[in-house]
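This report concerns only the one structure given below.
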Amino acid sequence: MLHQKCIQHLDFLDKACDASFNWNAILKYLKCNAANVNLAVGSHVWVEDSEKAWIDGEVVGVNDEEIEINCTSGKTVTAKASSVYPKDPEFPQCGVDDMTKLAYLHEPGVLQNLKSRYCVNEIYYKGVALGELSPHPFAIADAAYRQMINEGISQAILVSGESGAGKTESTKMLMRYLAYMGGRAVSEGRSVEQQVLESNPVLEAFGNAKTVRNNNSSRFGKFVEIQFDQTGRISGAAIRTYLLERSRVCQVSDPERNYHCFYMLCSAPPEDVEKYKLGNPRTFHYLNQSNCYELDGVDDSEEYITTRKAMDVVGISSEEQDGIFRVVAAILHLGNVNFAKGNESDSSEPKDDNSRFHLKTAAELFMCDEQSLEDSLCKRVMVTRDETIKKSLDPDSAAISRDALAKIVYSRLVNKINNTIGQDPDSKYLIGVLDIYGFESFKTNSFEQFCINLTNEKLQQHFNQHVFKMEQEEYTKEEIDWSYIEFIDNQDVLDLIEKKPGGIIALLDEACMFPRSTHETFSQKLYQTFKDHKRFNKPKLSPTDFTICHYAGDVTYQTEFFLDKNKDYVVAEHQALLSASKCPFVSGLFPPLPEESAKQSKFSSIGSRFKQQLQSLLETLSAIEPHYIRCVKPNNQLKPAIFENSAVLQQLCCGGVMEAIRISCAGYPTRKTFGEFTSRFKILAPEVLNGSVDEVTACKKLLQKVNLKGYQVGKTKVFLRAGQMAELDAYRSEVLGRSASVIQRKVRSYLCRKKFVLLRLSAIQIQGLCRGQVARHRYENMRREAASVIIQKYGRSYLSRNGYKNLCSSAVSIQIGMRGLAARKELSSRKKTRAATVIQAAKETGALQEAKNKLEKEVEELTWRLQLEKRMRADMEEAKTKENAKLQSALKEMQLEFQETKSLLMKEREAAAKASEEAAKAVEAAAKVAEQMPVVQEISVVDQEIVNKLTAENEQLKALVDSLEKKIDETEKKFEETSRLSEQRLKQATEAESKIIDLKTAMQSSLPVSFLRLEEKLSDIETEDHILRQQALKMSASMKMSEHLAGAPAQEPLRTTPSKKFGSESFRRSQIERQHEGVDTLMKLVTGNLGFSEGKPVAAITTYKCLLHWRLFEAEKTSVFDRLIQIIGSAIEDQDNIDHMAYWLSNTSTLLFLLQRSLRTAPRKPPTPTSLFGRMTQGFRSSSANLSVGASDLVRQVEAKYPALLFKQQLTAYVEKIYGIVRDNLKKELSLHLSSCIQAPKTAKGGVSKSPEGSTGNSPRANPWNSIIANLNGFLTTFKENCVPPIIVQKIFTQMFSYINVQIFNSLLLRRECCTFSNGQYVKNGLAELELWCSLAKEEYAGSSWDELKYVRQAVGFLVLHQKSRISYDELTNDLCPVISSMNFLMTDDSSSDDSSSFLLDDNSSIPFSIEDISSSMQDQSYSDVKPPAELSENPDFQFLQELVGMGEGPG
């Protein structure tokens, strides 16, 4: 029936060992023996394993009681020394046939031997002579038969094992072999051996059924006696059965089957089916209680024909066969008779026409009266002293009566068939084959298991006695002392069960005799009687069960059906009905009873009768020589080539094999012949075998050498106690290890020496060859070198002459071409030189950066120079204006003087004319007088000196007037020329500025920005400087001219101007250098982490104070803002460092707030100084005004120029960028856990975790909600530590909660399997954790984050509702989950879209705040208490920072 590889037989005939007693005691004893073994590194041991029961390995470390083992499976384990067993390193690959030959007789050793024999696949004979392979059922049968013939002693073979292990197959093989060996004696035309062999199909048809464990399980025990005559020929046979499972006739559990004969008869040929009125087995109540009707690989119709032929061979006549199958068919029909309540109270009758049909058919098959059959089922006759009373039965009692009739009929049918084979009363010997059930322990154990385990207890006691007897015979044969060995018996368990009058069976019989007894009263009686018995226990959880400690383990029995199954009686009405049957076979099953017994039913105890049968069986076994076969099922799947260690060990325990090992280990489990012992352990003392020493003396000396105690030396063997073999192997391994080390050292020395000699010889040969080759190569090179020198001499002279000629001829043409080419290239080279320089500078990034810094400094200096020149130009313009004014005033004065002089001259001319006239008059008068008077000496009246003087002055005045007129004309011409030059220079400056703008635009499109900026500044400064220098030269010429015109008094102020300008210039240069140093110092500090002061970023506030103090916000041009932007951009490159990003988010947002408060655009004003010195001087000029007002506010508004406004825009962009980076990093952290937040984790028992707090971080699957809370707490702590403005923190967490809402809501929409109550409860608990977090974080940082979860909160609230079907759509959309209505609206609007996911929520990744939001949120903060960094506090250039703190600045 089963595959050959599925059956494993254990034979312990030759000095065998098998089972008995308590498994825990066995393990304890074996572990004690294991503890006595000395284990060292390198020892091979067995260690327990949860999957494979035992695995082997090598000891790699010993630490007191703990050892480290490297297992062959690849893993390393640590175990206690008391829990491991030694392994035989010389164990044969195919195992041993006799367990007593094992060097280590313990549990893993036995298991390894069984597995080795199983894997060899040589269990059955395969084309070899009988007896060559052992153990085997044929070998057992052969040994029993030959012992019977040789010694004249009857034999018995006991086959045991659990269901499906192969007991029935082994029994058939034994019977086939014995039938073959028993000859061919003829009895009435049929050989008895054929009857013996063919009895198996008949017994299987009526006594076997399919169970959970086996498709052909024997449901009764049988003892087949094969009888032999004096010559060893089979003369007869007898079959005794035990405890047939009668309840299976009426009750079948799924997926089991009823007895095979019912299904065979339903599959019989059509004529037989019609004859017995049968059909499909699914139509019969006794068969359709299970869904299993057919067996794989079995044809019931063929089995029916085979059984018929076997019945013919056995000797069952056709009439008897017809009677047998009549009874089988009648039982099937009887099961389909159902009962209903009759007309009278407590009466019953067939339920319907179908029941009456089957009742009529059963009566026809039984050949009895139909009404009598109905009365026997529905009524009972009560016989009293005075009268006979008929009592009606209710439908339930009638059904019980029906089943009782079916069971008693089938039981007597099986007994009738088993007694068919005739016995030989004159037989000389017999060989009995016992096919008995093995030890059983199920979840539910009833009366059948109780009887089966009693049988195994009795057989185990017999087996223990047999094994102990064999041990004694072995010790006696070897003449060793064995008197101290204790025999362990299980008689106390047998007394508990079968002792009279106080045993369990006796109490059960007593309870069955009382009509009112129940299983409860029976159980209480057991508890009271055996409460102190060590083998009897009462379970705590059941009031009626009891537990017996059997040899194979504890078994708990249920007493519900003990009383019913122990009662064996025939109902008087059934007896009378069937004994009167017209069918001889049926009436033969119920022979007439004595008169008083026939009137009423009489109780008979099945337990007592079974106990008597066991006693008779054991008496038979005690009188004959027993042999044992333990059938082991290698796996529970009933498949070949699978060996399950745990299942095999359990069967060995139940079969008593391990208890046999216990008995053997109590004495001398290890036995070696003298030759084997000396061959294995002669290495321990090689000197013992020197000379002519016999094996016995050598063994004794070896044992004395190792100082072993407790052993004994027999006549042919050495007997060792448990653990001594391992001790000897340990000594042997140690000696072998030392010897191996010596051998390895010598071999390695030899190999190294040999290798060295070979290497040295090879090296000498190679050196000789190499040196000769080198010398030859050197000579050849010298010869070639000498020849090459000569060749080179002539070649060079030839080449030189030709070269000179060629050069001379081509020099002129080449020079002409090259000069022209050089001229052409010079032009292009000059064009490309500047571009090449720029490209090279762009490639050399490091040098470019340094050059950029230097150029920026030069730009600042040149800017200062430009501003200085502009200042000088302005001063010159002013001086020129003043000089023009002076010249104009001088001209006017000269004109006035000229007019006055002219008027005076006219007056003098008039006076002179008058004087002349008067003089003429006087002359005339004098003449007249003279004429009238006497001539006297003439006296001059006119003062000639005065006249000359006046005449000279008049000439001088004329000359002065002429010179003044000339000077006036020249001055007017120069003034007009100066005005014209000024207009030309203004026009040129305007054109130069437009050209500079065009040049900047062109260069920005082709060169790097930073380099172009520097080039632009340099070109502007150089151009402007050149123009200003020309203007200064022209202005100096005009100044000289004006000085010449103005005279000496006007020269004194101009002389003092150069010295004052020189002092101012040196002062400005020192201020510029200090300013550059201050900017560099600030940039260097801002690059690092300056920390926080009073909860505010130090870097941002310090930078703002410096920029405000240096008036950089009002500058037209500056590079400080570009450097700050570059520092910020470089600092945020490490985007994964959240702490770093939060620090810069705090600083940039604070600085942006300060800029927002300070910068304002103003109407166009005259240009302010663009140079650093100019701004500083302007600041110095206004410092007095500022100081007079007082620095009451840190934040004050200034008129921002383009660089400051651009810096503000760039800073705004960086704030948004850093915010996005921090937000995306938090999203990235949360996204790792959001996918697991909607599905509750499974617990160890397969349930669902109720709360997020249920799991930890180090569990196989950590709680995602806890991880989310941890991430939120981590980011919040980072933000607080870096003083990030609360408004920004609020926006981050608001967007994060919106992201959580979108992700979880979309996941619930997309993953339908997660929309369950348990998952909803799990998400709800997680949301509660988020709500708790929001309350702990407070509104300052959490803000309205909790409101962002409204959609998922509504969805989860709907999931956790009970009775969702009662909720209307309006209630759902309006009250419970309004998000559905909004989604419906969105889906309606998007119905035309092709996107299938239009119903999903979208995540908002925009920037949720503006500069005004930040400014309004930080409106009330004070910055006056922020202290500058220590590095700047000690720097005198930054003293203004301390002064600002001291003045108590605060927000404006």
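Heavy-atom basis, side chains included; hydrogens, waters and symmetry copies ignored.
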| said: Can you tell me how the ring of F1121 sits relative to the ring of F1207, calling it parallel under 30°, perpendicular over 60° and tilted otherwise? | reply: parallel

| Ionic contact status for E780 with R783, cut-off 4.0 Å | yes

Under 3.5 Å, which donor-acceptor pairs do the side chains of residues 746-753 form with other protein atoms, sequence neighbours left out?
| from | atom 1 | to | atom 2 | distance (Å) |
| --- | --- | --- | --- | --- |
| S749 | OG | R745 | O | 2.8 |

| request: Quick one: pull up CD in E1216 and CG in L1152 and give me the separation to the nearest 0.5 Å. | output: 9.0 Å

| said: Side chains of R1123 and Q1126: any donor to acceptor distance under 3.5 Å? | reply: no

| request: Over 60° means perpendicular and under 30° means parallel, so classify the ring planes of W1144 and H1140, tilted if in between. | output: perpendicular

| query | By ring pair (Phe, Tyr, Trp, His ring centres under 6.0 Å), which residues pair with Y1214, not counting sequence neighbours? | reply | none

| task | Could you list the residues that satisfy salt bridge (Lys or Arg N to Asp or Glu O under 4.0 Å) with K1227, not counting sequence neighbours? | result | D1403

| query | Any side-chain heavy atom of N1282 within less than 4.5 Å of one from M1141? | reply | no

| note | With sequence neighbours left out, the residues meeting side chain to side chain contact (heavy atoms under 4.5 Å, CB included) with R801 are S797, Y798

| Selection residues 1128-1143 - residue pairs positive for salt bridge (charged side-chain N to carboxylate O under 4.0 Å, His left out), sequence neighbours left out | none

Return all side-chain donor-acceptor pairs below 3.5 angstrom for residues 816-827, not counting sequence neighbours, or 'none' if the list is empty.
| from | atom 1 | to | atom 2 | distance (Å) |
| --- | --- | --- | --- | --- |
| E826 | OE2 | R830 | NE | 2.9 |
| E826 | OE2 | R830 | NH2 | 3.4 |

